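What you see is a predicted model; the values in this text were computed from it and never measured. By convention in this document, chain letters (A, B, ...) are assigned in the order of the sequence lines, proteins followed by strands, and residues within each chain are numbered from 1.
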Amino acid sequence: MTLTAFPPPPPGTDYDDLRQEVRAFLAKELADFPPEKRAESWNGFSRDFSRKLAQRGWVGMTFPKEYGGHARSALERYVVSEELLAAGAPVISHWIADRQSGPLILAKGTDDQKRRIVPRIAAGELCFCIGMSEPDSGSDLAATRTVATEVEGGFRINGTKVWTTYAHVADYMILFCRTGKSDDRHGGMSQFLVDLKATDNIQISPIIDLGGEHHFNQVVFDNTFLPSDALLGEKGEGWSQVMSELAFERSGPERFLSSFALIEELIRLLREDATEAQQAEIGRLSAHLMVLRQMSRSVAGMLNEGKNPSLQAAIVKDLGALFEQDIPRLARSLVTRPAVPGGRDSYAAVLAYTELAVPSFSLRGGTREILRGIIARGLGLR
Amino acid sequence: MESMIHDMAERLLRDHVTHRLRAAAASGQRPEALWTRIEEAGLAMALVPEAAGGFGVPPAEALGLVRIAGAHGLPLPLAETLIANAMLARADLPLPGGRLTIAEGEALRLERRGATIHARGHLTLVPFARWADRIVTIAVLGGDDHVLSLPVKELTVDPAQDLAGMPRDDAEVDLALTEADVAPLARPIGGMRGLGALVRSLATAGAMETILEMSVQYANDRVQFGRPIGKFQAIQHNLATMAGETAASRTAAEMAAGSYDTPAFALTVAAAKIRAGEAAEKVGALAHQIHGAIGYTQEHSLHHFTKRIWSWRDEFGTELDWTRKLGRFALSNPHDTFWHFITDSTAQGARA
């Protein structure tokens, strides 16, 4: 049964030298970065950090050199990604562009789009946001209502996107919307490259999450004009494009390392003196991490070979979210210190932050229910 | 992975390991003819290095046979014989052929008496001991690991069985060993517990793949409320959970098999056994939930597989033994951060 087989990463892909370089860079750059900031994981935002990372050649690593990339393998990119996540580096400014928008533009964009945009992604200069969800279209992406009407010289966009992470600071959005009628539920969809800084009639307003943070936004397109060359890929091919974009979105190590700052805090407290029961729990936690990491590297290996590992990625994301979400419970079962938001004790502060963050882990990037539906179909349920 | 030896094993076991054969084995009959075929196919020698008479199959591929045996519910000690032959070869002991099994040898006391070595002690839960010609184990003499090849006819065997009705016998050892029966291991491999845990993890992954396949099939075939139960989201999500657990276990077991005979093995095999044990519980429970009452009978094949994976959790170290061991290591590791421990423990370069 191929669905449950995750081939090991190819031999010689530890890239130990690269890993040590990244670790040295992070030790220097994040020397004063406190645990409670690291707890934000890949939601931390710093244009400055992203640019510095890009200067080292660690953004757009897999992009071709002619577009400012570094033509390195998906497995080398994997090493950098997991080191950034494990350190809790603030990466969101370039993360989405590097993970999915850049590869999508490279795969489907015109030469002009590639030349204009991809080198700036690789330079760590561009922040992208994802224009998929809508008020009435969350898990059911095919229910998208935002519509692009063809007019002279381009398109007029009307509709509302929501849960748009970092739209308020992003430079570009890749917008998924309707461009035509179709009998097929998945037909008549297209994607657009929206320059958020240079387009009129887009209203971006904050949505504050339950932790009090401003990551989400609502983005309203009100008769917004987009020039013809904003169309990304083929008109009407938006569904298959967005599915391959989601495969990139779901495939990375961010799907099991989001609570890693809390794990490091927990281990720090238990290191001195752990009971046998505590040791056993840390043993189980270690086993889960070792295995999730191996699965995630396997997915990177499949991407590297040009395969489409979207089913395997769904499995890793489902298992990874369960693991990440379980860490606060585990911490509370092993240590008696209460959670204190913003507390002086870094364990207490990180626990508080993580407790409030974990409900989102099985929502973003495809809910648990959607992923399990995908896996079930992959199993051959009719 | 394309593998000739896997294809051969797959064909052989598919043709011969039937529901009837598994049921007969659970009530005490050994399929002698099938064992002869397995031996003739050379499967039991797959982990022996070429220099010692093997056929140069990479260890991870040879160990893949154990997953396949698990997937078919093979009621014979193929995994045990595979490991036993490899350890005899490793210690430069003769390979006698025939039916071999393995046992944890920590409880054995070895003593030098003149020119011979005397072994004394109690071996417990030895797979298929009553049926085997020899028990191969690893025990310590003068601080060094030694491989022992114990002729079963000179031991006192006390039969017992596991949840699936497979022989797990106790054996009383009080024996002077000849030169052909004991030799030091020039390169230690960490005792029989780790090797046993490895093969049980691989077999668990294989058995769970079969359990998953049976469950998908049943969900597609069984009609209730006018439609196949696989159409219900609750059933679909249980199957998806089973797939995740199975995939994680197989990845873990193959990671351990991939680090066989490297320093990383001590940690990867712990992860594999822990992950297999946890998955066995979830997958077994969900498979029975999906199958309903028919799966709870001896008429249906499901129980042969679920009872095996439940038994294997407790063999060659229980889950608690392994979680404590890995946890102790993780908490005492000399790395700066826990993350460095995780990357090193799963590194291909094997620096653990």
Exercise for the section: Heavy atoms only: give me the nearest A:A280-B:T323 pair and the separation to one decimal. Expected result: O-CB, 3.3 Å
Exercise for the section: Could you look at A:R271 and say if it's the side chain, the backbone, both or neither that has a heavy atom under 4.5 Å from chain B? Expected result: both
Fill in the blank from the handout: Among A:V316, A:I375, A:V291, the residue with the most heavy-atom pairs under 4.5 Å to chain B is A:V291
Exercise for the section: Heavy atoms only: give me the nearest B:A243-A:T4 pair and the separation to one decimal. Expected result: O-CG2, 3.6 Å
Completion exercise
In this structure, CG of B:L331 is separated from CD of A:Q278 (nearest 0.5 Å) by 8.5 Å
Practice task
State the OG1-CZ distance between B:T241 and A:R368, to the nearest 0.5 angstrom.
Solution key: 8.5 Å
Fill in the blank from the handout: If you tally heavy-atom pairs under 4.5 Å between each of B:A247, B:S332, B:G327 and chain A, the highest tally belongs to B:A247
Exercise for the section: Take atom CZ of A:R332 as the centre, draw a 6.0 Å sphere, and report whether it contains more than 12 heavy atoms from other residues, nucleotides or ligands. Expected result: no
Handout entry: Under 3.5 Å donor-acceptor, B:E254 side chain and A:P7 backbone
Key = no
Exercise for the section: Could you check whether the rings of A:F260 and B:W339 sit parallel, tilted or perpendicular, using 30° and 60° as the cut-offs? Expected result: perpendicular
Completion exercise
Answer key: most heavy-atom pairs under 4.5 Å with chain B among A:E82, A:E272, A:R19 is A:E82
Exercise for the section: Check A:G380 against B:N220 and note the closest heavy-atom contact, atom names and distance. Expected result: O-ND2, 3.0 Å
Exercise for the section: Under the side chain to side chain contact (heavy atoms under 4.5 Å, CB included) rule, what do A:L285 and B:F338 come out as? Steps first, then yes or no, please. Expected result: CA-CA 11 Å; A:L285 168 108; B:F338 182 61; 3.8 Å; yes
Handout entry: Residue pair B:T346 / A:R297: nearest heavy atoms and the distance that separates them
Key = O-NH1, 3.5 Å
Practice task
Please report the C-alpha distance between B:F329 and A:S286 in whole Å, then the side-chain angles of each, then the deciding distance to 0.1 Å, and finally whether the side chain to side chain contact (heavy atoms under 4.5 Å, CB included) criterion is met.
Solution key: CA-CA 10 Å; B:F329 203 93; A:S286 304; over 6 Å; no
Problem - Criterion side chain to side chain contact (heavy atoms under 4.5 Å, CB included) against A:L381, the qualifying member of B:L239, B:I235, B:I229 - result: B:L239
Exercise for the section: Look up atom CD in B:Q236 and atom CD in A:E369, then write down how far apart they are to the nearest 0.5 Å. Expected result: 12.0 Å
Fill in the blank from the handout: Among A:I267, A:L270, A:D318, A:I315, the residue with the most heavy-atom pairs under 4.5 Å to chain B is A:I267
Practice task
Please check if atom NZ in B:K282 has more than 12 non-hydrogen atoms from other residues, nucleotides or ligands closer than 6.0 Å.
Solution key: yes
Handout entry: B:Q217 versus chain A, the contacting section by heavy-atom distance below 4.5 Å
Key = neither
Handout entry: Stepwise side chain to side chain contact (heavy atoms under 4.5 Å, CB included) check, B:E319 with A:R284
Key = CA-CA 9 Å; B:E319 248 176 287; A:R284 188 175 295 283; 3.0 Å; yes
Problem - A:L379 side, atom CG; B:T246 side, atom OG1 - distance, nearest 0.5 Å - result: 9.0 Å
Exercise for the section: Find the one option among A:E83, A:R377, A:E264 whose heavy-atom pairs under 4.5 Å with chain B are most numerous. Expected result: A:E264
Completion exercise
What one should report as the nearest heavy-atom pair of A:G373 and B:H237 is N-NE2, 4.1 Å
Fill in the blank from the handout: All heavy atoms of B:G244 vs all of A:L319, minimum pair found to be O-CD1, 3.4 Å
Handout entry: Side chains of B:T343 and A:R23, donor plus acceptor under 3.5 Å
Key = yes
Exercise for the section: Can you measure from CD (A:Q279) to CZ (B:R324) and round to the nearest 0.5 angstrom? Expected result: 8.0 Å
Practice task
Please check if atom CD in B:Q289 has more than 12 non-hydrogen atoms from other residues, nucleotides or ligands closer than 6.0 Å.
Solution key: no
Practice task
Look at atom CG of A:D17 and say whether more than 12 heavy atoms of other residues, nucleotides or ligands are closer to it than 6.0 Å.
Solution key: no
Exercise for the section: Give, for atom CD of B:E213 and atom CG of A:L3, the distance between the pair rounded to the nearest 0.5 Å. Expected result: 11.5 Å
Exercise for the section: Examine whether an atom of A:L257 lies under 4.5 Å from a heavy atom of chain B, and if so say whether it belongs to the side chain, the backbone or both; otherwise answer neither. Expected result: side chain
Exercise for the section: Sort A:I374 into side chain, backbone, both or neither according to what part of it lies under 4.5 angstrom from a heavy atom of chain B. Expected result: neither
